[in-house]
Each structure stands twice: as structure tokens, then as C-alpha cells.
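Index from 1, following the sequence. Order of appearance sets the numbers: ligands from 1, and atoms from 1 within every ligand.
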Amino acid sequence: MVTLREVLKQAETEGVAIGHFNVSDLITLKAVFESATDQNVPVIVGASEGERQFLGVRQIAAMVKSLREECDFPVFLNADHTHSLASAMEAAKAGFDWIVFDVSTLPLEENIRQTRTAVEALKTIRPEILVEGEIGDIGSGSEIHDTARDLRKGLTTPAEARQFVEETRIGTLAPAVGNMHGMLKSMVAGDTKKRLDIERIRTIKEQTRVFMTLHGASGTDDGDLRRAIAAGITVVHINTEVRIAWRRGLDRALSTQPNELLIEPAAPS
Ligand code: G3H
Ligand code: ZN
């Protein structure tokens with residue numbers, strides 16, 4: 001079976017990106033997996049700390065492993081936005097292929113120190129594991145936001161990115177390049193789109209040469225996504241759009257198929 005690193009290398013060579021989709025239940029896992037098999041493209045399943053708390057760390061690892069092995073299909077598992085070393089080590093021991101170690105709210109020097117420690121510790125558990133670090137501010141919460149953030153102050157600079165990659169030895173980098181977690185209501189309606197700083201992506205890639213992940217990709221302008229991939233993005237993270245599809249599908253099913261689930265009031269005795 002092809003490894004995650006090989007999949008990313010091939011994507012980088014071909015100038016395409018791999019989709020990463022967060023899941024929080026079996027329904028979303030099946031939707032992501034079946035879409036990937038339909039399209040016959042490798043896929044990464046993500047589970048953040050909150051999603052892992054609900055799914056169970058070892059339970060989601062066992063489900064993805066079983067899909068990979070029984071279907072002989074390149075599906076990989078990422079411990080998304082992991083804020084502590086203990087939680088990262090738990091995921092690595094459970095068999096996750098990738099850890100996003102996210103202490104990006106800390107000052108740069110402390111972020112570097114903790115991320116380097118995490119890279120070293122996680123590699124002793126699984127030498128082949130990919131560890132991603134994050135700098136800059138892309139907000140948090142794959143949900144619908146009422147107000148837009150001012151993203152300009154939190155953008156990643158190429159110089160910081162280079163220092164961060166050299167000093168932490170991470171395998172993948174999550175920069176802030178105009179992206180943000182979640183969507184505005186106007187984005188859900190399709191009236192506005194997230195726009196990306198393509199030149200910043202290109203320069204950071206030239207300065208670091210590591211794989212780069214675009215977080216917060218729900219609601220991004222399609223043209224910007226294509227240009228971002230051409231400029232050096234190798235993985236695209238989507239969560240809010242998956243959650244919206246889950247909600248809409250559930251609403252539709254409940255309203256059109258009441259007999260499946262309608263509970264009649266008990267008859268008076
Ligand atoms: O790590 C998860 C992604 O960055 C999801 O972002 O909810 O804006 O799609 P999104
Ligand atoms: Zn993210």
C-alpha cells in the first residue's frame with residue numbers, strides 16, 4: 001500500500017492537491033470515503049480533538065484502518081488541530097498517520113520550542129508519522145460566523161515560515177494566507193467567497209520547500225483554490241461544508257420521510 005508521504009510527493013509533482021475532510025460520525029466518514037472511492041482519488045480523514053472526543057481516538061483509527069485494508073484504498077487519518085503533546089501522543093499510539101500540532105496562539109519562539117519537542121517525541125512513537133506545525137492566525141471553529149475577522153494582522157510571513165520549518169523540522173506547514181476556519185452566512189448563501197494571497201503562498205513555498213496545507217478552505221473562491229495549489233498547496237482542509245451537507249441532508253430526510261422516524265404519541269389507556 002502506498003504511504004501518505006508518497007501520495008503527497010506524487011501530488012506535489014503533478015501539481016494537484018489531496019482533499020482532507022473532517023468527520024465527526026460514521027455518516028460523514030462514509031460520505032467522505034465513498035466520494036473518494038467514486039472519484040478514485042486518495043483522501044485524508046481528519047478528526048480534531050473535539051471530534052476525537054466524540055468518536056473515540058482508537059475507534060476512529062480502527063474504522064479508517066479497516067476501510068484502508070479491506071478496500072485496499074489509500075485513505076489516511078489525521079489528528080487535526082491537536083493542542084497538547086499528550087493528546088498528540090495518544091493519537092500517534094492509536095495509529096494516526098498525521099498529527100497537526102497546533103500551538104499557533106503562542107508567541108513564535110514558544111510555538112517553535114513546543115512544536116520541535118512534539119516532532120521529536122512523535123517520531124519516537126512512529127518514525128514515519130507526518131507532523132504539521134502552524135503559524136499565523138486563521139481563527140478557530142468550523143461553524144457559521146456572524147462577523148468577518150480582520151485576517152491581515154495574522155498572516156504568515158515567509159521569513160517566519162522559513163525559521164519555523166528549519167528549527168522545528170516539521171514535515172508540513174499550515175500557513176495563514178487569507179484562509180480562515182468556518183464560513184460567514186454570506187458564504188453559505190454563495191454571495192461572498194474567501195480570497196487567498198497567492199503570492200504569499202508561492203514565496204513561502206520557495207522559502208521552506210515543505211508540503212503546505214490550506215486550512216479553512218470551505219467557501220473559498222474556486223479560482224483561488226486552483227491558483228493556490230499551483231503555487232504550492234498540497235493538501236486542502238474542508239470541514240464546515242461537510243457539516244452543512246450533513247445538516248441539510250438530515251433536515252431533508254426528516255421532513256420528506258416522516259414515517260421512518262415519526263414517533264406517535266402513546267394512545268390513552
Ligand atoms: O482543520 C480543518 C479545516 O481547516 C476546516 O476548515 O471548516 O473552514 O473548512 P473549514
Ligand atoms: Zn484547520
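Ring-plane geometry between H237 and H20 is classed as parallel, the angle between the planes falling under 30 degrees on a 0 to 90 degree scale with a further cut at 60.
Ion pairing of R243 with E51 is present here, as a side-chain N (NZ or NE/NH1/NH2) and a carboxylate O approach within less than 4.0 Å. In summary, R202 and E206 do not engage in a salt bridge, as defined by a charged side-chain N under 4.0 Å from a carboxylate O. Using a 4.0 Å cut-off between charged nitrogen and carboxylate oxygen, D251 and R247 count as a salt-bridge pair. Between R149 and D137 there is a salt bridge, since a side-chain N of the basic residue sits under 4.0 Å from a carboxylate O of the acidic one. Between K9 and E6 there is no salt bridge, since no side-chain nitrogen of the basic residue lies less than 4.0 Å from a carboxylate oxygen of the acidic one.
Of all atoms in ligand 1, numbered sequentially from 1 with element shown, those under 4.0 Å from a heavy atom of H181 are 1 (O), 3 (C), 4 (O), 5 (C), 6 (O), 8 (O). Per-residue contacts place G182 under 4.0 angstrom from the following atoms of ligand 1 (heavy atoms of the residue considered): 7 (O), 8 (O), 10 (P). Heavy-atom proximity to H215, at under 4.0 Å, picks out these atoms of ligand 1: 1 (O), 4 (O). Residue H81 has at least one heavy-atom neighbour below 4.0 Å for each of these atoms of ligand 1: 1 (O). For ligand 1 and K194, the ligand atoms under 4.0 Å from any heavy atom of the residue are 8 (O). For ligand 1, the atoms closer than 4.0 angstrom to any heavy atom of S142 are 5 (C), 6 (O), 7 (O), 10 (P). Using a 4.0 Å cut-off to heavy atoms of G216, the atoms of ligand 1 that qualify are 3 (C), 4 (O), 5 (C), 6 (O), 8 (O), 10 (P).
Closest protein heavy atom to atom 3 (C) of ligand 1: H237 CB, 3.4 Å.
Within the structure, the closest approach of M180 to ligand 1 falls below 4.0 Å when heavy atoms are considered. Look at H145 and you'll find every heavy atom at least 4.0 Å from all atoms of ligand 1.
Within H215, the N/O/S atom positioned nearest the Zn ion (ligand 2) carries the name ND1.
When L67, V64, V23, D38 are each tested for a side-chain contact (heavy atoms from CB on, under 4.5 Å) with F33, only one passes: L67.
For an aromatic pair to be called close, the ring centres must be under 6.0 Å apart, and F76 with F96 fails this. Checked against the 6.0 Å centroid criterion, the rings of H181 and H81 qualify as a close aromatic pair.
The two atoms that bring L8 and T234 nearest to each other are O-CG2, 3.6 Å, heavy atoms only.
Between N239 and ligand 1, an N or O atom pair is found at a separation short of 3.5 Å. At a 3.5 angstrom cut-off on N or O pairs, I238 does not count as close to ligand 1.
At a heavy-atom distance under 4.0 Å, only side-chain atoms of N22, from C-beta outward, approach ligand 1.
Between the NE2 atom of H181 and the NE2 atom of H81, the angle taken at the Zn ion (ligand 2) works out to 100° after rounding to 10°.
Considering D80, I244, T240 only, the shortest heavy-atom separation from atom 7 (O) of ligand 1 involves T240. Closest to atom 9 (O) of ligand 1 by heavy atom, among G219, S218, A217, is S218.
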Check the pair L77 / W98 against side-chain contact (heavy atoms from CB on, under 4.5 Å), numbers first and verdict last. CA-CA 6 Å; L77 183 58; W98 189 333; over 6 Å; no
